[in-house]
Protein chains: 2
Amino acid sequence: MGTYQAWDALGDPTRRAIVECLAERPRAVGELAEVLPISRPAVSQHLKVLKEAGLVSDQATGTRRVYRLNPAGLSALRDQLDTFWSRALEGYQSAVENEEKT
Amino acid sequence: MGTYQAWDALGDPTRRAIVECLAERPRAVGELAEVLPISRPAVSQHLKVLKEAGLVSDQATGTRRVYRLNPAGLSALRDQLDTFWSRALEGYQSAVENEEKT
DNA sequence: ACGAACGGTAAGCTATGACTTACCGACGAC
DNA sequence: GTCGTCGGTAAGTCATAGCTTACCGTTCGT
């Protein structure tokens, strides 16, 4: 249930592609496999990781299994990001302003 | 440049620990290495990834090099997350309707 | 009942990436 | 100048994660 699993899950580009795909609309496993450049078992494995991370939920309809994004998982991630962001600003303004680039 | 590098960067637990550490206050490389259970060169390598992802910035003071969080990088990440989240909600309520074919 | 479609799991291969030690340059103190 | 500190880079090792094919259970159609 740790939300840190969500970061690990989204660390993979293929899983981010799946998330983007599911952001459009819920899809079955086979539909995702058609779009993505990987096999269907690979999609299943990614979906398992995403599900354990709380980022997606699934619902069986007949022999198909439709996956969709879990808004709660995404909002939990955003809350964490907000915490980092606000704390970063605190440490930022307390430091001397000297900027540089690559 | 690509904000997707930020997701890859935060996919590693050690780099997330570095980000959390820098969220408290800016630190030099050696300071981070003291706290973390890895060697100093490993910290340098992680910082390089975080820097290329736009999540941290560095500033040389004498022989020390102080790293801090880059709020712009974090906010860019949050914007992406918001996009996912809102689109997930759209697909969520429209999921009641029929699905469409490929 | 049989067969096909859908999808999860197992086993195995391979590549990537996270770590190490060793080395080197840059800067400050003296 | 020399020496010590700080930190980035190189080279090499090793584990893990992502992919594949093969297999199996489940469900629907006929």
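Fair warning: this is a prediction, and the values are worked out from it, not measured in the lab. So you know, we letter chains A, B, ... as the sequences are listed, proteins then strands, and number each from 1.
When all heavy atoms are compared, the tightest approach of B:Val29 to B:Ser44 is CG1-OG, 3.8 Å. Between A:Ser57 and A:Asn70, the shortest heavy-atom distance links the atoms N-CB, 4.5 Å. A:Asp58 approaches A:Arg65 most closely through the heavy-atom pair OD2-NH1, 2.6 Å.
Closest to the side chain of A:Arg40, out of C:dA11, C:dG7, C:dT20, is C:dG7.
A donor-acceptor pair under 3.5 Å is absent between the side-chain atoms of A:Arg27 and the main chain of A:Leu22, judged by distance alone. Between the side chain of B:Arg15 and the backbone N or O of B:Ala9 there is at least one donor-acceptor pair closer than 3.5 Å. Within the 3.5 Å criterion, the main-chain N or O of A:Cys21 finds no donor-acceptor partner in the side chain of A:Glu24.
Of all nucleotides in DNA chain D, those with any atom nearer than 4.0 Å to a heavy atom of chain A start and finish, going 5' to 3', at D:dG18 to D:dC28.
Closest-nucleotide positions on DNA chain D for A:Pro37 and B:Glu31 were compared, and the one nearer the 5' end corresponds to B:Glu31. DNA chain D is contacted by both B:Val43 and A:Asp12; B:Val43 maps to the nucleotide lying nearer its 5′ end (nearest heavy atom per residue). Along DNA chain C, the nucleotide closest to B:Ala42 and the one closest to A:Gly30 are compared, and the more 5′ of them pairs with A:Gly30.
The separation between B:Leu47 atom CG and C:dC19 atom P is 12 Å, rounded to whole Å. To the nearest angstrom, P of C:dC19 lies 13 Å from CG of B:Leu32. As a whole-Å value, the separation of A:Leu36 CG from C:dG7 P is 13 Å. One can place CD of B:Gln45 at 12 Å from P of C:dT21, the figure rounded to the nearest angstrom.
Within 4.0 Å of A:Ala60, counting heavy atoms only, lies no atom of the nucleic acid at all.
For the OP1/OP2 pair of C:dG7 and a distance below 4.0 Å, the side-chain nitrogens and oxygens of A:Ser44 include no atom meeting the criterion. Of the side-chain N and O atoms in B:Arg64, none sit less than 4.0 angstrom from OP1 or OP2 of C:dC27.
For the side-chain contact (heavy atoms from CB on, under 4.5 Å) with A:Pro26, the lone residue among A:Gln59, A:Glu31, A:Arg68 that qualifies is A:Arg68.
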